[in-house]
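Written out below as structure tokens is the structure these notes cover.
When a residue number appears, it is its place in the shown sequence, counting from 1. Atoms considered below: every heavy atom in the structure, side chains included; atoms not considered: hydrogens, waters and symmetry mates.
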Amino acid sequence: QVQLVESGGGLVQAGGSLGLSCAASGTIFSINNMAWYRHTPGKQRDLVALITKDGRTDYADSVKGRFTISRDDVKKTASLQMNSVTPEDAAVYFCYAAIRQTIRESASNYWGQGIQVTVSA
């Protein structure tokens, strides 16, 4: 059924920029919230940024002013633009979306497989 696939991860120098993308595919009637989370070994999975269907955004305090989340409901994608990255931003980043598959269903939670972001000093 529904799949979320992340792309754009990799190695970035501290102070540099990196863009992540998340593409949703499958049977989709509508997409409500979309978000990016990240996980570092030994730490809890944390919300990085969230965007609602009407475009309202929410960011973790640690990334405010540096990261920007956006969405394209035609392409069914969500992006995360990361600027001025720091070593603390290194993590596996996961895409999340609340997706309603048909008009007869309520929204369900979907997750991507995760994509590595490595920051070099």
Nearest 0.5 Å, what's the [atom1]-[atom2] distance between [X] and [Y]?
{"X": "Y96", "Y": "Y110", "atom1": "OH", "atom2": "OH", "answer": "10.5 Å"}
{"X": "C22", "Y": "K76", "atom1": "SG", "atom2": "NZ", "answer": "13.0 Å"}
{"X": "F94", "Y": "W36", "atom1": "CZ", "atom2": "CH2", "answer": "10.5 Å"}
{"X": "S62", "Y": "D89", "atom1": "OG", "atom2": "CG", "answer": "7.0 Å"}
{"X": "L80", "Y": "T68", "atom1": "CG", "atom2": "OG1", "answer": "8.0 Å"}
{"X": "T77", "Y": "D72", "atom1": "OG1", "atom2": "CG", "answer": "4.5 Å"}

Side chain to side chain, [X] and [Y], heavy atoms closer than 4.5 Å:
{"X": "D58", "Y": "L47", "result": "yes"}
{"X": "V63", "Y": "R38", "result": "yes"}
{"X": "V5", "Y": "S25", "result": "no"}
{"X": "M82", "Y": "V48", "result": "no"}

For [X] and [Y], which heavy atoms make the closest approach, and how far apart are they?
{"X": "M34", "Y": "A78", "result": "CE-CB, 3.5 Å"}
{"X": "I51", "Y": "S70", "result": "CD1-CA, 4.0 Å"}
{"X": "S84", "Y": "S17", "result": "N-OG, 4.3 Å"}
{"X": "G9", "Y": "I115", "result": "N-CD1, 3.1 Å"}
{"X": "A24", "Y": "L4", "result": "CB-CD2, 3.5 Å"}

Within 6.0 Å of NZ in K75, more than 12 heavy atoms from elsewhere: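 Count not over threshold, so no.
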
message: Using a 6.0 Å cut-off, check whether atom CD of Q116 has over 12 heavy atoms from anything other than its own residue.
response: yes

Could you tell me whether the side chain of [X] and the main chain of [Y] form a donor-acceptor pair under 3.5 Å?
{"X": "T40", "Y": "A90", "value": "yes"}
{"X": "R100", "Y": "E105", "value": "yes"}
{"X": "R71", "Y": "T52", "value": "yes"}
{"X": "Y59", "Y": "I69", "value": "yes"}
{"X": "E6", "Y": "G114", "value": "yes"}

- [ ] Tell me, please, which residues at least two apart from F67 pass ring pair (Phe, Tyr, Trp, His ring centres under 6.0 Å).
- [x]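 F67 satisfies ring pair (Phe, Tyr, Trp, His ring centres under 6.0 Å) with no other residue.
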
Of I28, N109, T27, the one forming a side chain to side chain contact (heavy atoms under 4.5 Å, CB included) with I99 is I28

